[in-house]
Amino acid sequence: MRLSKSFVPTLKEVPNDAVVTSHILLLRAGMIRMLSAGIYSFLPLGYKIVRKVVDIIREEMDAIGGQEFHLPALNPIEIWEETGRVEAFGDTMFHLKNREYILAPTHEEIITFHARNVVKSYKDMPQIWYQIQTKFRNEARPRSGIIRGRQFLMKDAYSLDTSFENLDKSYNLHDGAYRKIFDRCGLKYFVVGASSGAMGGTGSEEFMVKSDAGEDTVAYCESCGYASNVEVAESKVDALSRNKVSGELKEIHTPNVKSIDELCAFLKINETQCAKSRVYIFNNKPLLILMLGNDDVNETKLEKILGGTVRPGHTDELKELTGADAGSIGPISFNGKIIADLRLKNGNNLYSGANKNDYHVGGIDLMRDVPELEYADLRTVNAGEQCIRCESKLDVFSAIELGHIFKLGTKYSLSMGAMFLDENGKENPIIMGSYGIGVERIISCYVEQHHDENGIIWDKVLTPFQVNLLALNMKKGNVVEVSDKIYTELTNNGISVLYDDRFDAQAGFKFNDADLLGMPIQIIVGDKKLKENRVEVKVRETGERFDIEIEKLNEKIADIFKRTLYP
RNA sequence: CGGGGUGUAGCGCAGCCCGGUUAGCGCGCUUCGUUCGGGACGAAGAGGUCGAGAGUUCGAAUCUCUCCACCCCGACCA
């Protein structure tokens with residue numbers, strides 16, 4: 001492709017609204033442009049990368065027996081009402097104004113719709129159905145360029161099986177395919193145990209890329225490889241040990257003491273002597289959660305235990321429900337259900353709020369003073385705690401979710417009536433799995449992982465063109481002649497070439513654009529070296545430069561490509 | 001949805017507090033000339049409903065109100 005005839009609007013300056021590196025570089029390289037918050041156009045160069053990613057995904061999905069569909073993004077709302085997910089998605093789902101349609105945020109319902117009409121016998125399974133298609137989610141806050149958009153490309157796959165054992169097989173096939181896909185794309189990633197959230201189901205794993213731009217938080221153990229989304233992560237922390245003697249309940253005046261730290265400082269006690277209270281609303285009823293010291297409530301764990309969604313109580317509700325403001329709330333005389341974290345189990349001589357502003361209560365014995373108290377693991381894991389498996393120190397960091405695989409089980413088949421007859425003529429629900437990959441996120445993560453101060457560094461797999469040919473001075477006849485010849489020859493040999501043949505652009509301009517765009521090999525044709533019948537070859541990743549005789553150019557390029565740029 | 005910020009030429013910004021010629025600067029763009037291997041130089045140009053609407057005023061980019069858009073933090077999120 002001749003750059004002089006192409007639309008590749010590179011930017012020298014960083015657009016004001018871009019903060020995340022991948023966003024900045026993709027904008028500057030003329031690969032994407034924003035239309036509206038969370039809605040992006042791919043320009044020709046960027047779309048070439050999308051197609052490369054999609055091709056890899058397609059190959060690996062086909063390799064595990066996947067069959068590609070193309071399902072409608074425009075869906076009648078009734079199908080979504082069958083599973084109750086219109087409500088579950090809430091405002092995240094786009095609704096049309098002039099017809100009872102929605103824009104699909106995912107496709108479990110549509111797949112199940114087709115499955116129930118067609119898959120009637122155990123002989124019809126297993127099936128793996130997938131598509132690579134645009135999804136719509138009305139994100140309250142899109143961010144980080146194409147990492148979180150309101151419209152985005154997703155590879156979504158669904159498995160249909162006769163049993164949970166067979167679901168495991170389909171799930172493992174996807175696990176393997178996903179690893180191949182991300183490996184081939186040149187990504188460093190890891191796999192973590194995850195929450196299945198609103199998707200429902202019995203098990204799930206996420207494919208994560210470590211990144212400050214990420215919105216998920218991951219706990220990771222370097223020594224044994226334990227990796228888990230903090231939503232479900234566990235660590236080894238000491239529980240309370242019960243004192244032999246329980247003290248008397250006593251109310252203590254604690255003016256202006258709100259946080260656990262303030263309480264400890266005021267009473268000169270340790271935080272492990274404190275029970276922190278958080279009030280949630282579950283099914284319109286108040287729920288008090290007790291945590292040891294400064295431990296944070298993990299709302300995902302809480303919701304899993306309760307089997308429904310909770311919300312933190314509003315400030316004005318707290319006073320009404322407990323008689324006190326946040327900071328003075330506690331379990332004694334609390335009117336409602338109370339659940340305590342396992343670390344507090346059977347603790348005594350504890351301090352907590354008195355449900356009266358500026359007062360705390362000491363000498364609490366949970367066994368004595370909080371009857372019928374339930375315990376559960378409700379903690380959020382912190383960095384530096386011991387790994388649940390090997391007791392080494394856990395690392396906690398941000399990560400971008402690239403893909404997510406779920407064992408759905410029967411959630412959709414039961415609610416939508418997708419049944420089959422087994423070998424004994426007995427009717428059973430289809431056992432389903434669902435598997436997603438964010439296409440734009442692969443690209444963003446790649447750029448996050450492969451760039452330097454000058455721009456993007458593509459390897460030979462995802463790059464929009466394999467070679468960037470720079471004719472340094474188009475006003476010199478010999479430069480044009482040789483460049484044109486190289487361009488034609490390489491193209492005829494099946495090597496894709498972006499040919500910077502811009503007439504007016506100066507050498508420095510072309511060098512900088514080439515580094516920004518990041519094709520793996522640059523061939524630089526300049527008057528100076530042409531006099532010795534040589535051109536320069538530069539490897540973008542390493543910065544290596546070679547002066548090559550024109551006759552040996554093909555050989556050299558083949559040689560460089562033979563080396564795996566990212567092993 | 002809560003908090004904070006921004007909106008002036010294609011991009012990056014100044015001007016606004018303290019209202020007053022024809023709204024500036026850098027980059028980019030057009031034309032001509034010079035230059036030509038790391039974002040050149042000179043000269044001459046084009047390009048603006050100052051986010052939108054209403055108000056105050058003799059006069060508004062500037063003050064007031066409403067709305068919109070975008071960014072960041074949080075909440076939420078498969």
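All values derive from a computational prediction rather than experimental measurement.
When Ile181(A), Leu187(A), Ile437(A) are each tested for a side-chain contact (heavy atoms from CB on, under 4.5 Å) with Leu402(A), only one passes: Leu187(A).
rC18(B) makes up no base pair with any nucleotide shown, lacking Watson-Crick or G-U wobble contacts both under 3.5 Å. Across all strands shown, rC70(B) pairs with rG5(B); the Watson-Crick or G-U wobble distances both stay below 3.5 Å. With both pairing distances under 3.5 Å, rU49(B) is matched to nothing as a Watson-Crick or G-U wobble pair. Under the Watson-Crick or G-U wobble criterion, with both distances below 3.5 Å, rA43(B) is paired with rU31(B). For rC36(B), there is no paired base (Watson-Crick or G-U wobble, both distances below 3.5 Å).
Of the possible polar contacts, none joining the Lys529(A) side chain to the Glu536(A) backbone as a donor-acceptor pair under 3.5 Å is found. Using a distance-only test at 3.5 Å, with no hydrogens or angles considered, a donor-acceptor pair links the side chain of Asn75(A) to the main chain of Pro72(A). Put simply, the side chain of Lys510(A) gets close to the backbone of Asp500(A): a donor and an acceptor are under 3.5 Å apart.
Comparing rC70(B) with rC25(B), their C1' atoms sit 24 Å apart, to the nearest whole Å. Between the C1' atoms of rC58(B) and rA43(B), the separation comes to 43 Å (whole Å). Atom name P, nucleotides rG7(B) and rA44(B): the rounded distance is 32 Å, in whole Å. The separation of rC63(B) from rU56(B), taken at their C1' atoms, amounts to 8 Å, rounded to a whole angstrom. Only the P atoms considered, rA23(B) is 14 Å distant from rU62(B), to the nearest whole Å. Separation of the C1' atoms belonging to rC32(B) and rG15(B) is 34 Å when rounded to the nearest angstrom. rC16(B) and rG2(B) have their P atoms separated by 32 Å, given to the nearest Å. Annotation: rA9(B) and rG5(B) have their P atoms spaced 22 Å apart (nearest Å).
Rounded to an integer number of Å, the gap from Lys475(A) NZ to rU35(B) P is 10 Å. The distance from atom CD of Glu299(A) to atom P of rG74(B) is 14 Å, rounded to the nearest whole Å. Between Asp504(A) atom CG and rA40(B) atom P there is a gap of 13 Å when expressed in whole angstrom units. Rounding to whole angstrom units, CG of residue Asn478(A) and C1' of rC36(B) are separated by 13 Å. Summarising the geometry, the separation between CG on Asp296(A) and C1' on rG74(B) is reported as 14 Å, rounded to the nearest angstrom. Straight-line distance from the NZ atom of Lys528(A) to the C1' atom of rG38(B): 11 Å, rounded to whole Å. As rounded to whole Å, 11 Å separates atom P of rU6(B) from atom CG of Asn16(A). Met34(A) places its CE atom 16 Å from the P atom of rG7(B), with the value rounded to the nearest Å.
Remark: Lys180(A) NZ is loosely packed, at most 12 non-hydrogen atoms of other residues, nucleotides or ligands lying under 6.0 Å away.
Side-chain to base pairing of Glu13(A) with rG10(B): no donor and acceptor N or O lie closer than 3.5 Å to each other. Residue Arg143(A) places no side-chain atom within donor-acceptor reach of the base of rG74(B), judged by atom type and a 3.5 Å distance cut-off alone. Taking 3.5 Å as the limit, the base of rG37(B) and the side chain of Asp527(A) contain no donor-acceptor pair of atoms between them.
Salt-bridge check for Arg2(A) with Asp484(A): passed, with a basic side-chain N closer than 4.0 Å to an acidic carboxylate O.
Heavy atoms of Lys529(A) sit under 4.0 angstrom from at least one base atom. When heavy atoms are screened at a 4.0 angstrom cut-off, Arg150(A) is found touching no nucleic acid atom at all. Within 4.0 Å (heavy atoms only), Arg141(A) reaches at least one base atom of the nucleic acid. Counting any heavy atom pair closer than 4.0 Å across all strands shown, Pro9(A) reaches no nucleic acid atom. Across all strands, Asn473(A) comes closer than 4.0 Å to base atoms (heavy-atom distances). Within the 4.0 angstrom heavy-atom criterion, no nucleotide atom of any strand lies near Phe207(A). When heavy atoms are screened at a 4.0 angstrom cut-off, Met93(A) is found touching no nucleic acid atom at all.
Using modelled atom types, one finds a donor on one side chain and an acceptor on the other under 3.5 Å when comparing Glu551(A) with Asn533(A).
Stacking here means ring centres nearer than 5.5 Å and ring planes tilted less than 30 degrees, and by that measure Phe509(A) does not stack onto rG39(B).
Of all nucleotides listed (rC27(B), rG37(B), rC72(B)), rC72(B) comes nearest to the side chain of Val19(A).
For Gln506(A) and rC36(B), the shortest distance from a side-chain N or O to OP1 or OP2 is not below 4.0 Å.
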Intermediate values then yes/no, side-chain hydrogen bond (donor to acceptor under 3.5 Å, both in side chains), Tyr280(A) and Glu299(A) | CA-CA 10 Å; Tyr280(A) 286 90; Glu299(A) 292 174 13; 2.9 Å; yes
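Positionally, the nearest nucleotide of RNA chain B for Leu530(A) lies more toward the 5' end than for the other of Leu530(A) and Gly38(A).
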